[in-house]
Amino acid sequence: MINRLLKLSIAFIYASGLIFRKKETLVVLCYHEVTAQQKQNFIRQLDILKNKTQPVFADAPFLESTTLQRVAVTFDDGFANLLENAFPAMKERNIPATIFIPSACLGKEPSWLKYTNHENEHEMLMSEQQLKEISEQILIGSHSFSHADLTNESVDVKNELIQSKQHLETLLKKEITLLAFPYGRSNEVSRNIAKNLGFKRVFNADPILEESDFFMGRVDVSPDDWKIEFHLKILGAYAWLPKAFLLKRKIKEKLNVKF
Ligand SMILES: [Zn+2]
């Protein structure tokens, strides 16, 4: 809670322009599930997006400046509860959705959460058939094949990405050009492999320092976010986070301490 309040206060200062901030031309939100209990809160957030921003797909151009803040709503993992609790309300409001799928996990429980006591441990992912049915209205990207950590040296990154891309392209009969790294973890090697395989844009789970048209950060959101948090997030005010992490690392290195 203190951590959340601290982040909120810094985001508030950042947004108010008291410390330098660059204008965000595209803010990408990263959701996971939307449960039945969260549905009403999620709809409230959609109404804010509808009124205050220009919602776009996650492959929207990066550098174009616009009068309205452009925001892309993305979902990682492809939880089946989105079919009922998120997509119909988004369609009604004409808000585009982009989802990232670990394709080998379709129709199953999220294997990477097994024995973790995570609240989504037994939340089902949508099936191949369900994904196919919504593929006309939603932009679909890869989230690797088996939700592997693509920075782990024992993982065959190329194979994970090729299998996922081919699986989704065969199933959906369209080109897959977006990728969100599982756990938000990537390195230069995995990003280069993705680029060579034809991915046009890849996403972290958190904001990053040097964004480009190819490698973009996102901001983690939940339907349970406080209203003020959500407003600041869609303004791009959480873009200060990587600067804070960098500062923390530098202080740690200088002092040679652990905290
Ligand atoms: Zn994931």
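Counting starts at 1 for both ligands and their atoms, in listed order.
- Counted by atom type alone, D225 and S222 present zero donor-acceptor pairs between their side chains at under 3.5 Å.
- Taking backbone and side chain together, D77 holds an N, O or S atom under 2.8 Å from the Zn ion (ligand 1).
- The nearest N/O/S atom of H147 to the Zn ion (ligand 1) is NE2.
- Among the atoms of H32, none of the N, O or S atoms falls under 2.8 Å from the Zn ion (ligand 1).
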_salt bridge (Lys or Arg N to Asp or Glu O under 4.0 Å), that's the test. Do K165 and E169 meet it? Break it down for me._
CA-CA 6 Å; K165 199 171 190 303; E169 287 178 349; 2.9 Å; yes

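- Ring-centre distance between F215 and F199: not below the 6.0 Å cut-off.
- Less than 6.0 angstrom separates the ring centroid of Y183 from the ring centroid of H147.
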